[in-house]
2 protein chains.
Amino acid sequence: MTQARRPTSRDVAAAAEVSVATVSYVMNGRTDRRIPEVTRDRVLAAAEELGYAPDRAARMLRRRSTEQICLVIGSFGVPVLDQLAASLHETGDRHGFGLITMVVNSPPSARRAIERLRERIADGVVIAGGLHHIGADGLQELARAGMPAVVLSNAMPADGFDVYCEPESEAMAEAVGHLWSSDRRRIAYLGHEREVAQYHAGLQVDSDRFAAFATALEGHGGRLDADLVVAGADSRAEGYRAVSALLSAPRPPDAIVAASSRSAVSTIWAARDQGLNAPHDLAVVGAGAIPEALVIRPTLSTIGPPGDSDFTDLATMLFDRITARDAGRWREIRRPWIYHRRGST
Amino acid sequence: MTQARRPTSRDVAAAAEVSVATVSYVMNGRTDRRIPEVTRDRVLAAAEELGYAPDRAARMLRRRSTEQICLVIGSFGVPVLDQLAASLHETGDRHGFGLITMVVNSPPSARRAIERLRERIADGVVIAGGLHHIGADGLQELARAGMPAVVLSNAMPADGFDVYCEPESEAMAEAVGHLWSSDRRRIAYLGHEREVAQYHAGLQVDSDRFAAFATALEGHGGRLDADLVVAGADSRAEGYRAVSALLSAPRPPDAIVAASSRSAVSTIWAARDQGLNAPHDLAVVGAGAIPEALVIRPTLSTIGPPGDSDFTDLATMLFDRITARDAGRWREIRRPWIYHRRGST
DNA sequence: CTGTTAGCGCGTTCAA
DNA sequence: TTGAACGCGCTAACAG
């Protein structure tokens with residue numbers, strides 16, 4: 001049962017008593033070459049018999065394409081990734097492309113991912129996470145290498161790649177406006193580790209979401225209270241913990257804007273464990289689409305994409321870029337978020 | 001800025017006025033070749049200047065290895081994946097290996113994944129999801145192709161690959177025993193779509209977890225009530241919905257064993273929304289490790305791995321297999337689950 | 001119209 | 001330090 005040597009197309013050709021060219025034509029099911037039924041069957045039988053599978057490395061080398069696209073994510077726990085992966089899979093299949101995923105959650109992993117991509121491990125890439133670690137420099141590096149890329153970002157200048165943009169400032173303004181008009185005056189921000197750390201360090205916060213929140217609040221004459229900017233949006237557990245602490249503090253908030261839907265769900269439940277009910281005692285708004293939003297009680301108010309999350313347009317944009325050799329103008333898909341008022345506000 | 005042609009090692013060699021062999025030695029930082037400092041610097045400068053990155057396809061073809069491992073998952077939303085990916089990344093880095101992920105959530109996607117793997121897209125694979133779609137046949141196919149594989153499964157006969165096994169019947173027996181001795185007599189099973197469908201169709205249920213539950217229940221003289229076997233473990237939203245319906249039924253359960261920790265969390269909250277509190281009105285047990293278990297109130301009782309989830313041993317096993325050409329005996333790592341009694345039971 | 005030959009693509013590595 | 005063979009599938013060009 002030991003695999004002495006991997007069978008090659010030459011082995012198959014010998015076994016089927018044809019040339020390697022014929023094997024190649026048969027294996028690729030080429031319609032521009034007419035192969036007689038009997039020859040075809042003999043080749044396929046020989047391939048099956050030997051357990052032959054073409055070596056992708058050789059094919060990649062010769063064809064100058066990998067027939068793969070790469071999805072870069074920051075971590076596995078984000079609900080929207082299933083949607084994104086599904087869309088990429090679906091569109092990829094139609095082009096005969098496979099999908100691989102890489103996780104970027106640190107500067108070193110970002111370096112390695114960029115290196116791998118520059119080595120042409122894929123024909124195109126969708127960057128849906130880890131962008132902070134990759135940075136504008138990393139994107140430039142990919143662009144210079146001629147790697148077709150779609151970046152999910154609200155803040156990146158589109159120089160050398162396509163952008164999928166979900167502007168959220170208007171939705172955020174509406175949500176905060178709604179909270180304000182409901183007489184909420186102590187509105188907390190449950191943010192991601194990174195943005196909150198930047199804020200408290202007095203640095204420039206490079207987060208579109210946080211900026212939109214701060215702007216909206218100030219627009220109503222409110223002011224950002226440092227005690228009400230806390231980390232906890234990165235996971236459900238952290239969200240629960242952070243909100244529990246926040247509500248036990250001397251001057252608890254009367255509303256919470258959470259930078260992820262997951263942590264918004266945790267917020268509702270952490271509040272209830274302290275005897276506080278949304279929306280009466282605490283208004284809660286999440287950011288992003290999540291199936292639970294419509295299922296839990298109260299239903300979760302969010303800012304998020306209108307309608308169902310579907311990334312077919314993103315996938316199409318990527319494959320257009322991969323297919324069209326002439327770079328053309330860099331494109332941008334804009335899908336502004338809206339405020340979905342539901343039960344928690 | 002248009003990339004006329006990707007620079008090759010020959011381009012670098014020409015620019016640095018050395019041979020391609022020297023370029024190769026420098027790029028790989030080989031210590032067994034003495035390359036003078038000046039030559040080295042000239043080569044690196046030329047590579048940088050031209051934006052050269054070696055073509056992985058060519059390297060793969062020549063080296064007969066991809067320096068990549070592949071993680072096969074069923075979907076993105078499973079908490080333990082972050083742990084698994086982290087361990088694989090860490091161990092992979094030490095070997096200079098990259099990690100790619102493929103999603104298998106349907107028979108066609110399983111076929112494509114197997115095909116890709118047979119084409120040697122990776123040097124080894126960890127199958128952590130989608131196993132039902134891959135099936136024993138698919139695994140055999142990979143084994144025959146000589147692909148080193150570690151399969152996370154409790155039920156697969158280890159014929160041609162290594163197995164990472166987390167037997168849970170004892171933990172389940174203990175959990176059910178505890179429920180039983182607390183006078184719970186209507187114990188529901190919140191299962192995965194697939195196992196519940198099989199059960200209600202009167203088919204053989206090929207789920208270790210369900211079997212362990214049924215056996216444990218019968219061991220106490222209890223019997224499986226068809227009304228109390230419901231689907232909803234696949235996601236939080238489905239769990240919430242299923243439990244809400246279950247608790248509104250004429251004869252609701254007094255305990256729920258959930259086949260995922262995520263749905264167990266939803267269970268607690270769905271119950272509370274109906275005015276029922278765990279553990280008093282409803283005992284809840286989840287399956288698997290999840291950070292929230294220790295954070296929410298009540299803390300969640302689970303069956304799961306002892307201690308922290310860490311898959312270093314799994315990763316090591318895979319790399320041993322990849323490195324050691326002599327197949328050796330197929331290995332199995334066993335990490336029996338235990339019953340973690342916490343606040344919800 | 002069918003099948004074959006020959007050489008390409010590019011990094012690696014042995015022999016010199 | 002280098003020249004040249006090598007790995008393997010693909011395909012243009014050619015022969016039967």
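From a predicted model like this one, the values you see are computed outputs, not experimental measurements. Lettering of chains follows the sequences in order, A, B, ..., and the numbering in each one begins at 1.
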Check whether A:Asp308 reaches the backbone of A:Asp310 with its side chain - one donor and one acceptor, N or O, closer than 3.5 Å. no
Answer yes if the side chains of B:Arg334 and B:Asn154 hold a donor-acceptor pair under 3.5 Å, and no otherwise. no
Quickly work out the B:Asp32 CG to D:dT1 P distance and round it to whole Å. 14 Å
Any donor-acceptor pair under 3.5 Å linking the side chain of B:Ser109 with the backbone of B:Val104? no
A:Phe319: partners by ring pair (Phe, Tyr, Trp, His ring centres under 6.0 Å), with sequence neighbours left out: A:His95, A:Phe97
Which atom pairs, one a donor and one an acceptor, fall under 3.5 Å between side chains of residues 116-127 of chain B and the rest of the protein, sequence neighbours left out?
residue: B:Arg116; atom: NH2; partner: A:Glu67; partner atom: O; Å: 2.3
residue: B:Arg118; atom: NH2; partner: A:Tyr52; partner atom: O; Å: 3.3
residue: B:Glu119; atom: OE1; partner: A:Arg56; partner atom: NE; Å: 2.4
residue: B:Glu119; atom: OE1; partner: A:Arg56; partner atom: NH2; Å: 2.8
residue: B:Asp123; atom: OD1; partner: B:Thr66; partner atom: N; Å: 2.9
residue: B:Asp123; atom: OD1; partner: B:Thr66; partner atom: OG1; Å: 2.9
residue: B:Asp123; atom: OD2; partner: B:Thr66; partner atom: N; Å: 3.1
residue: B:Asp123; atom: OD2; partner: B:Thr66; partner atom: OG1; Å: 3.4
residue: B:Asp123; atom: OD2; partner: B:Glu67; partner atom: N; Å: 2.8

How does each nucleotide of nucleotides 9-16 of chain D score, in 5' to 3' order, for protein heavy atoms under 4.0 Å: base (B), sugar-phosphate only (S), or none (-)? BBBBB---
Quick check against the 3.5 Å criterion: does B:Ser24 have a side-chain atom that pairs as donor or acceptor with the backbone of B:Val20? no
Side-chain donor-acceptor contacts of residues 134-142 of chain A below 3.5 Å, not counting sequence neighbours, with atom names and distances?
residue: A:Gln140; atom: NE2; partner: A:Asp159; partner atom: O; Å: 3.1
residue: A:Glu141; atom: OE2; partner: A:Arg111; partner atom: NH2; Å: 3.0

Return yes if some donor-acceptor pair links the side-chain N/O of A:Asp162 with the main-chain N/O of A:Arg331 below 3.5 Å, else return no. yes
Name the residue closer to the 5' end of DNA chain D, choosing between B:Ile35 and B:Leu61 according to the nucleotide with the nearest heavy atom. B:Ile35
Test A:Val23 against every option in A:Asn28, A:Val18, A:Leu44 by the side-chain contact (heavy atoms from CB on, under 4.5 Å) rule and name the one that passes. A:Val18
Taking atom CG of A:Leu152 and atom CD1 of A:Ile333, what is their separation to the nearest 0.5 Å? 9.5 Å
Axial bend angle, the helix from C:dC1-D:dG16 to C:dA16-D:dT1: five-pair end segments, nearest 10°: 50°
From CZ of B:Arg120 across to P of D:dG7 the rounded distance in Å is 16 Å
Students should find this one: the first and last nucleotides of DNA chain C, 5' to 3', lying under 4.0 Å from a heavy atom of chain A. What are they? C:dC1 to C:dC10
